[in-house]
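Report on the following structure.
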Amino acid sequence: MHFLRLRFVLHIGVLLLLLLTKFKLSSTFGHKFRLMKNSFRYIQENMLRTSLNRAQLNNGIVFECRSTPNTYLGKETHFTIQLGDLRGFERLDRDKKLAFFLHGWNDEGSKEWVLEMLFTWTRYQPDYTVCVVDWGNLSQVDYKSASMSIFDVGLTVAAIVEFLENFYPRHMSRKNVTIAGYSLGAHAAGYAGSVLKGEIEQIIGLDPAGPLFTLPAVVSTDYRLDPSDAQFVQVLHTSGGTLGVGVKSGHADFYPNGGTAPQRNCNSFLQLQDMQNTNPISCSHSTAAVFFKQSMNPSYVFMGYHCDSYSSYTRGWCSKNRYGRFGIHSQKMSRGDFYFDTLPQKPYVEPKTRTRHRINYNRFRFG
């Protein structure tokens, strides 16, 4: 029932926003609308602030970790980390960098797609130990309650990093940590980075959740992912303005097909079935995780042109601009907004060896 009321409020807020942008309304109505939007922001921030102030470590969050000792597939190490259990910490390879992946609402770390993400990441970055942060004990509730739990999740991730720094002071450093988060997990990643004073190496936000964070109103960056949360924050937008945030949130923001729903792989019934989704908006939202996994394979480069808008990009006005690469192989000096188009089916981008002009990606002007 709480979720239904929240959804009704969000729908009203979105409708009013659309009305304001579509029609030239009177100054009187515009003033009333601004007051209403400020009221929404006050309600959203009050809920988030209360949850942030009550944030506490959660021992029920499990870190499922995987490490590949060498490039020979089949020789991998699996172990779990949990607050209060030192056995997992002792199995950690101190010579590897550390990465975390945080799933979203109504999900859990044991889901097949999450475990596939874990396997793929260590396959293409064997110098990393990757841990899936399973916060299913907090996420599998109504959306509002899960949203209020992101601070507990972020605080627990930060505590694990701090503990490892103290446990292995000569080997472990937050400056070698990457955190990737999908939907609500992206905001939890942002809070973990904030607790760690923005000193972690990188955060990868996969279509950070929009409802309660930028819809009906945009809340303060104290409560959502923003560039101050890490040394480098890259964000992939696939359903901006609906299920995903509608504002720039990183140092480098990537907008495939304009960054909004529907994505090209979510246009038809057959495509929706292939993505195991029922509607183009939720399909587009989950596409962020699909593209992220595909981009881990170095043969599939998700490359965008620096541009001021998707409209400018589609008109060809940015074809001579610098490039930015999304994903774990990204060039971390990239800054700005980057646009590109994808194919409607897997693998969504052409492999490097099949590009029309045999492009040498090493010669791209990144920035």
Side-chain angles (χ1 to χ4, degrees), residues 14 18 101 103-107 111-114 116-117 120 180-187 204-211 213-215 225 234-250 252-297 299-316 318 323-328 330 337-351 355:
V14 171
L18 292 173
F101 178 75
H103 59 76
W105 173 49
N106 206 27
D107 233 325
K111 289 285 184 69
E112 184 178 355
W113 75 268
V114 180
E116 286 179 358
M117 183 85 69
T120 305
Y182 164 62
S183 191
L184 283 179
H187 296 303
I204 304 173
L206 306 175
D207 211 33
F213 297 92
T214 60
L215 281 174
L225 177 64
Q234 56 172 310
V235 178
L236 184 69
H237 300 267
T238 55
S239 67
T242 51
L243 293 181
V245 296
V247 297
K248 180 175 175 59
S249 303
D253 287 61
F254 295 85
Y255 301 88
N257 312 302
T260 58
Q263 289 290 307
R264 292 186 175 184
N265 56 302
C266 299
N267 273 323
S268 70
F269 176 76
L270 290 178
Q271 288 172 325
L272 291 173
Q273 292 294 104
D274 185 54
M275 290 285 290
Q276 299 182 350
N277 260 285
T278 56
N279 70 75
I281 296 179
S282 62
C283 173
S284 299
H285 188 47
S286 61
T287 289
V290 174
F291 285 177
F292 179 53
K293 177 187 170 186
Q294 186 67 49
S295 71
M296 292 175 182
N297 185 336
S299 297
Y300 300 100
V301 181
F302 284 70
M303 194 79 68
Y305 288 88
H306 185 262
C307 212
D308 61 357
S309 69
Y310 186 57
S311 176
S312 296
Y313 166 76
T314 56
R315 287 183 170 93
C318 308
Y323 298 83
R325 182 175 181 176
F326 166 73
I328 59 176
S330 175
D337 295 335
F338 299 90
Y339 294 85
F340 61 98
D341 286 325
T342 63
L343 302 172
Q345 284 101 22
K346 296 176 183 177
Y348 310 111
V349 295
E350 293 285 354
T355 50

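- With rounding to the nearest 0.5 angstrom, the CZ atom of Phe292 is 13.0 Å from the OG1 atom of Thr238.
- Taking the side-chain contact (heavy atoms from CB on, under 4.5 Å) definition, one finds that Ser239 meets it with Asp207, Thr242, Leu243, Ala261, Ser284, His285, sequence neighbours left out.
- Listed here is the closest heavy atom pair of Ala186 and Gly205: CB-CA, 4.0 Å.
- Ring centers of Tyr348 and Tyr300: at least 6.0 Å apart, outside the cut-off.
- For the atom pair Asn297 CG and Ile328 CD1, the distance stands at 9.5 Å (nearest 0.5 Å).
- Considering only heavy atoms from C-beta on, Lys111 stays 4.5 Å or farther from His103 through its side chain.
- Within the model, atoms CG of Leu206 and OG1 of Thr287 stand 11.5 Å from one another, a figure rounded to the nearest 0.5 Å.
- Looking at residues two or more places apart in sequence or on another chain, you find a ring-ring contact (aromatic ring centres under 6.0 Å, His included) between Phe254 and Phe326, Phe338.
- Put simply, the residue from Asn265, Asp341, Thr342, Val349 that forms a side-chain contact (heavy atoms from CB on, under 4.5 Å) with Pro256 is Thr342.
- Closest non-hydrogen pair, Phe291 versus Gln263, comes out as CE1-OE1, 3.8 Å.
- Considering only residues two or more places apart in sequence or on other chains, Ser249 meets the side-chain hydrogen bond (donor to acceptor under 3.5 Å, both in side chains) condition with none of them.
- Looking at residues two or more places apart in sequence or on another chain, you find no salt bridge (Lys or Arg N to Asp or Glu O under 4.0 Å) involving Asp308.
- Taking CZ of Phe302 as the reference point, atom CG of Leu236 lies at 8.5 Å (rounded to 0.5 Å).
- Interatomic distance, Met296 CE to Thr120 OG1, rounded to the nearest 0.5 Å: 6.5 Å.
- Side-chain contact between Leu184 and Phe213 is present, with heavy atoms from C-beta onward closer than 4.5 Å.
- Inter-residue side-chain proximity for Val290 and Lys346 is flagged as unmet; no heavy-atom pair is nearer than 4.5 Å.
- Scored by the ring-ring contact (aromatic ring centres under 6.0 Å, His included) test, Tyr310 finds Tyr313 as partners (sequence neighbours excluded).
- Under the salt bridge (Lys or Arg N to Asp or Glu O under 4.0 Å) criterion, Lys248 pairs with Asp253, Asp337, not counting sequence neighbours.
- The distance from the OG atom of Ser312 to the NE2 atom of His306 is 11.5 Å, given to the nearest 0.5 Å.
- In this structure Ser330 satisfies the side-chain contact (heavy atoms from CB on, under 4.5 Å) test together with Phe232, Gln234, sequence neighbours excluded.
- Residues forming a ring-ring contact (aromatic ring centres under 6.0 Å, His included) with Tyr255 (at least two apart in sequence, or on another chain): His237, Tyr339.
- Of all the heavy atoms in Leu225 and His187, the pair that sits closest is N-ND1, 3.1 Å.
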